[in-house]
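In the text below, chain A, chain B and the rest are named by the order of the sequence lines, each starting its count at 1. It should be emphasised that the depicted structure is a prediction, and the values quoted were computed from it without experimental measurement.
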Amino acid sequence: MKEEISKTYDQSKESEIYKLWEESGYFNPDNLKGEHFTIIMPPSNANGSVHVGHALGFTLQDIMIRYHRMLGRKTLWLPGTDHAGFETQVVFEKKLDKTGRSRFQMTREEFYKEVWEFVQQYKTLTEQSIRRMGASADWSRNIFTLDPRIIKIVYETFEQMYNDGLIYRGNRISNWCTKHQTGLADLETTREERTDPLYYIKYGPLTLATVRPETKFGDTGLAVNSKDPRYKKYIGQEIEATGLLGKFKIKVIADDLVDKDFGTGVVKVTPAHDATDYEIWLKHKDEIPGPKQVIDKRGKMDLPGTKYHGLKVAEARKIVAEDLEKAGLIEKIDETYKHNVALCYKCKNVIEPLIIPQWYVAMTKKLADGRPSLRDIAVEAVKSKKIKINPHRFEKVYMHWMKNIKDWPISRQIWWGIPIPVWYKGEEIKISENSPGVGWTQDPDTFDTWFSSGQWPYATLMAQGEKDFETFYPTQVMETGWDIMFFWVARMVMFGLYKTGKVPFEHVYLHGLVRDKDRQKMSKSKGNVIDPLGITDQYGVDALRMALVVGNLPGNDLPLAEDKVRGYRNFANKIWNAARFVMQNTEGYDPEAKLTSADKKILKDLQTIVKNNTKRLDKFDFAHAAEDLYHYFWHTFADKIIEESKPKLADEKTKASAQRMLMEVLETNLKLLHPFMPFVTEAIWQLNHKDLLMIQKWPEKV
RNA sequence: GGACGGUUAGCUCAGUGGUAGAGCGACUGAUUGACGUUCAGUAGGUCGAAGGUUCAAUCCCUUCACCGUCCACCA
């Protein structure tokens, strides 16, 4: 046996080892006993290849899973993929664009079918990549967000919430992306500071400041602050003014949303095209007319019969400003005005606030039977520590967001997604997956992806059958990136508590983003992307896993350089060779040999490592756990214990003790290292064992 | 406009109320011996600034500076 062990660790055998594990059946908790330990894998978006950020998530989750499996728990790691509605549609439309096609030239059915095929390819690819990372997930329970079992549960929840009055259809102002032709939640917009001209426009006796003169055709009122002495006399009055389309009358109202100190202290109220104005109108419905739409969904002026009709908003703004200037209606222009503009988070086009009917989930509304609002149950779960967020500081961020939460628009005007199961016939509304009969038409919209993925923890388990749900829910840990805490984690908490009465998970672990060695975000255009599969082929998965874990504290971004991966490849080889040394020198050793006091001391010190490491894993302190093991193995075990064992092995009096000691230290280390570096440790274990290291009992704390 | 995080060795980051640590990098030396994907060693830091608490502060408090991030309806 000794001679057969190669001098360097051969990572090309990793896929064979994975096969060994997978075929053993121990990824499936049905073959395990004990108390349950569950992690639901965040479903990967099936629209591209896995990147190193995914690899980080898989690694951290696999560490927890392998650790708990070795502790003797009935351990389930349930994998899945996400259709990722909007995200995927955007990716796919870009692809269409490259070949000169567009979804607007296709039928909805054609489009859906093509995206489905596209997603299937990536789904398979993603699942292979997850395996390549060593993920010990239960593939027998693998599930897709568009699985009929999931859709059924999503529909049930929708109906239940509708009946509870938590879901309603509202015709109100929403963020509209003119490129993607869909409404978006506030979270799906970003803001960018811009410098735009601020026009001071005359409205009869008054002057007001605006950056959007083109929307003046949609004005239905003017507003001032009630405490502003300058304008007291105008409140409630109709003033007469001259505009580009002739004379008009407009009413002045008082609203405290108006800041006296901004501009002239007068604002125009354009409820159809501005969120604040819309809100002002809601409070003054009796005083001023409602929204008057002058911009359409394509972001073009909708003013038939005028010269502005059909102009894009940006063009119209220029022309309107010029015309106002010519007509002597501009008092001045402030060219240095800085303000934040809302953009679509995907295409960075300016969001056009428009009134579009959307479905909403009420966040702060109490239920008729007295149950607290979704927001309140989600706040309580964290406050009462039923859910703990790691790092702790994110609990503050979570609370702050909850405090300011607004109703969540869940309908999207996109095609790729779960259709909204609502049918209309005149004024009648019915919730149903299939047509209720002749004359009914279905709502054309689809759900926001997060409406389905928000239900993931219970939906994935319920989809497997009632028994799985009872056995594995609530889950123990949700491990994901901090960047989707609001999008996803917060929603899962609400849905989970609403639907099951229990928290969906006990712990949230938020990892940081992986960046390049200069802390830059990885992006294809910068060419600084580290491809996890490529790096894995070169250095082995274990090396990548260690590089991702060591030095990576929760919530902090992680700079990753290839050098670091190379360093841990060296470590994997070190482990291999230390093991080779031990095996070559312990042939036929006596596991019961009497220990010398020096060797006893070594084993006692090892207990401290076991104890500390276990404690660290229990506290989710993976970075330090990994670093400690690295140090102990290399600088204590390899550099000192093994070196010092050489004379001991040469002396017949101390040989038996040294052999036993070396083997015990090695095997304990293999077990401790296994969650972090499963492949090299298992490969070594397989050299002299018939069973799997993966299911060995975790070293006892003494 | 709010809030949060950071500022420690050339780089990336740990850490502790009691004369500062790791990895990588640099430098010097060793070496056919489990491993050169190695070993031994050296250099390198007034722990962002100023105050305060303390016998003692890099660590606690206050203020400030700079960097970063998130949230936000001032048109």
Counting side-chain heavy atoms from C-beta on, which of [options] comes nearest to [X]?
X	options	value
His635(A)	A34(B), G23(B), A75(B)	G23(B)
Lys574(A)	A72(B), U38(B), A75(B)	U38(B)
Tyr630(A)	G23(B), U12(B), C71(B)	G23(B)
Arg580(A)	U37(B), A14(B), C35(B)	C35(B)
Phe262(A)	A34(B), A75(B), A14(B)	A75(B)
Asn577(A)	U37(B), A34(B), A40(B)	A34(B)
Val211(A)	C70(B), A75(B), A14(B)	A75(B)
Trp634(A)	A34(B), G23(B), U38(B)	U38(B)
Asp563(A)	C73(B), C24(B), C70(B)	C24(B)
Phe486(A)	C71(B), C4(B), C73(B)	C71(B)

Looking for any heavy atom pair under 4.0 Å, which part of the strands does [X] touch: base, sugar-phosphate only, or nothing?
X	answer
Asp277(A)	nothing
Lys406(A)	sugar-phosphate
Thr210(A)	sugar-phosphate
Val258(A)	base
Ala209(A)	base
Arg569(A)	base
Leu198(A)	nothing

>> On RNA chain B, does the nearest nucleotide to Arg212(A) precede the nearest nucleotide to Lys7(A) from the 5' side, or the other way round? Give the residue.
In response: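 The 5'-side residue here is Lys7(A).
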>> By nearest heavy atom, map His631(A) and Ala638(A) onto RNA chain B; which one lands nearer the 5' end?
In response: His631(A)
Expressed as a whole number of angstroms, how long is the span from [X]:[atom1] to [N]:[atom2]?
X	N	atom1	atom2	value
Leu513(A)	G5(B)	CG	C1'	15 Å
His392(A)	C4(B)	NE2	P	14 Å
Leu257(A)	A72(B)	CG	P	16 Å
Asp557(A)	C4(B)	CG	P	19 Å
Asn573(A)	C39(B)	CG	P	11 Å
Leu544(A)	U37(B)	CG	P	21 Å
Lys338(A)	A75(B)	NZ	C1'	19 Å
Met485(A)	A3(B)	CE	C1'	12 Å

Between [Y] and [X], is there a side-chain heavy-atom distance shorter than 4.5 Å?
X	Y	result
Thr681(A)	Leu672(A)	no
Val382(A)	Met399(A)	yes
Pro197(A)	Glu335(A)	yes

Euclidean distance for [atom1], [N] against [M] (whole angstrom):
N	M	atom1	result
A9(B)	A3(B)	C1'	33 Å
U8(B)	U58(B)	C1'	7 Å
G48(B)	C59(B)	C1'	15 Å
G10(B)	G1(B)	C1'	40 Å
A49(B)	A65(B)	P	15 Å
U28(B)	C61(B)	P	46 Å
G23(B)	G44(B)	C1'	15 Å
C64(B)	C24(B)	P	41 Å

Which nucleotide, in any strand shown, forms a Watson-Crick or G-U wobble pair with [N], with both distances under 3.5 Å?
N	answer
G25(B)	none
C70(B)	G2(B)
U62(B)	A50(B)
A75(B)	none

[X] atom [atom1], neighbour heavy-atom count above 12 within 6.0 Å:
X	atom1	value
Lys655(A)	NZ	no
Lys383(A)	NZ	no
Lys318(A)	NZ	no

Can you check whether [X] has a side-chain N or O nearer than 4.0 Å to OP1 or OP2 of [N]?
X	N	value
Lys268(A)	C74(B)	no
Lys646(A)	A34(B)	yes
Asn570(A)	G23(B)	no
Arg191(A)	C73(B)	yes
Lys260(A)	C74(B)	no

> Should Asn552(A) and His511(A) be marked as a side-chain hydrogen bond (donor to acceptor under 3.5 Å, both in side chains) after you check the CA-CA gap, both sets of side-chain angles, and the distance that decides it?
Replying inline: CA-CA 8 Å; Asn552(A) 186 357; His511(A) 64 242; over 6 Å; no
>> Would you compute the distance between atom CE of Met677(A) and atom CZ of Arg545(A) and round it to the nearest 0.5 angstrom?
In response: 9.5 Å
> Only one of Lys251(A), Arg212(A), Lys268(A) clears salt bridge (Lys or Arg N to Asp or Glu O under 4.0 Å) with Asp219(A); which?
Replying inline: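 So the option named by the test is Lys268(A).
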Ignoring hydrogens and angles, are the base of [N] and the side chain of [X] linked by a donor-acceptor pair under 3.5 Å?
X	N	value
Asn585(A)	A34(B)	no
Glu643(A)	A40(B)	no
Lys564(A)	C24(B)	no

